[in-house]
Amino acid sequence: MSARPDRTPLARSFFDRPVLAVAPDLLGRTLVRRTADGPLELRITEVEAYEGEADPGSHAYRGRTARNASMFGPPGHAYVYFIYGMWFSLNLVCGPPGHASGVLLRAGEVTVGADLAAKRRVSARHPRELAKGPARLATALDIDRSLDGTDLCADPDSPLSVLHGTATPPGLVSSGPRTGVGGAGAHHPYRFWLTGDPTVSPYRAHSPRKRPT
DNA sequence: TCCCGGATCCGCT
DNA sequence: GCGGATCCGGGAT
């Protein structure tokens with residue numbers, strides 16, 4: 001931690017690539033969130049790729065709607081959605097433009113503003129749990145639908161941006177099936193994480209909920 | 001430590 | 001009306 005990280009936002013060309021190239025390349029990069037209470041920074045440790053309209057596991061599978069419109073927009077922007085009646089999750093839209101592909105940020109290490117994150121994540125027993133899971137990550141960084149469509153490449157002082165960080169050597173990256181995704185393509189190794197990192201969320205297989213009687 | 005069910009509501013069929 | 005890219009607490013092991 002002696003070297004000061006690069007304060008330059010990632011170039012849009014970083015995101016304007018196939019999602020399966022972008023997703024593992026995001027590991028170790030820095031997500032910056034600026035709130036009224038102060039800045040937070042997150043080192044990305046776990047992601048999942050969603051391959052646009054051709055991917056049965058993707059929100060874009062059934063075409064463009066009001067909710068997923070951001071995924072069909074330009075690369076390098078945020079797609080924030082509301083799920084399970086109480087949580088938000090953050091995606092980074094990737095190229096090629098119009099393919100509606102994106103990377104779900106599933107987990108990370110809070111490196112700046114851990115005190116602010118802890119106030120929002122009261123149930124976290126340990127700093128490693130602050131952003132251990134997509135909804136926890138969004139809660140820790142105070143991310144909601146108001147940030148949907150935010151340009152992540154514009155300015156490090158914007159509400160949300162992604163900065164350069166140290167690129168992770170491929171040998172330190174693991175991959176496997178996506179968490180909670182069923183149906184066709186459920187087995188695809190579209191989930192990527194930093195091998196052995198304690199902030200990576202536990203894998204859970206897809207299991208449909210039972211309906212009340 | 002694991003497993004299970006409840007919470008909660010929006011978008012789409 | 002139904003199911004969802006989840007989380008958490010409680011009870012069992």
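Reckoned from all heavy atoms, side chains included, excluding hydrogens, waters and symmetry mates.
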Just by distance, no angles: are the side chains of A:T45 and A:R43 close enough, under 3.5 Å, to form a donor-acceptor pair? no
Would you call A:R17-A:D25 a salt bridge at under 4.0 Å N-O? yes
Given C:dC7, B:dC10, C:dA5, the nucleotide with the shortest approach to the side chain of A:R136: C:dC7
Quickly work out the A:F88 CZ to C:dA5 P distance and round it to whole Å. 15 Å
When the distance from CE of A:M71 to P of B:dG11 is rounded to whole Å, what number comes out? 16 Å
With no angle test and no hydrogens, is the base of B:dA7 tied to the side chain of A:Y84 by a donor-acceptor pair under 3.5 Å? no
Taking OP1 and OP2 of B:dC3, is either one under 4.0 Å from a side-chain nitrogen or oxygen of A:R204? no
Got a sec? Which of residues 54-68 of chain A come in under 4.0 Å of DNA chain C, heavy atoms? A:G57, A:H59
Could you please name the partner base of B:dG5, counting Watson-Crick and G-U wobble pairs only when both distances are under 3.5 Å? C:dC8
Might you work through the side chain to side chain donor-acceptor pair (under 3.5 Å) test for A:D148 and A:S70, ending with a clear yes or no? CA-CA 7 Å; A:D148 182 57; A:S70 291; 2.9 Å; yes
Have a look at A:S89 and say if it touches a base, only the backbone sugar-phosphate, or nothing, with a 4.0 Å heavy-atom cut-off. nothing
Without hydrogens or angle criteria, can the side chains of A:T199 and A:D197 be said to hold a donor-acceptor pair below 3.5 Å? yes
When rounded to whole Å, the CG to C1' distance for the pair A:D148 and B:dC10 reads 14 Å
Indicate the ring-plane relationship of A:F88 and A:F82, choosing parallel, tilted or perpendicular according to the 30° and 60° boundaries. tilted
Starting at CH2 of A:W87 and ending at C1' of B:dC10, how long is that distance when rounded to a whole Å? 16 Å
Using heavy-atom distances to pick each residue's nearest nucleotide on DNA chain B, tell me which of A:R145 and A:M86 is more 5'. A:M86
Minimal non-hydrogen separation, A:H164 against A:A11, with atom names: NE2-N, 4.5 Å
Please give, in whole Å, the distance from C:dA5 P to A:R178 CZ? 10 Å
Which pair of non-hydrogen atoms, one from A:Y50 and one from A:D55, has the smallest distance, and what is that distance? CA-OD2, 3.5 Å
To the nearest Å, give me how far apart NE2 (A:H206) and C1' (C:dG4) are. 9 Å
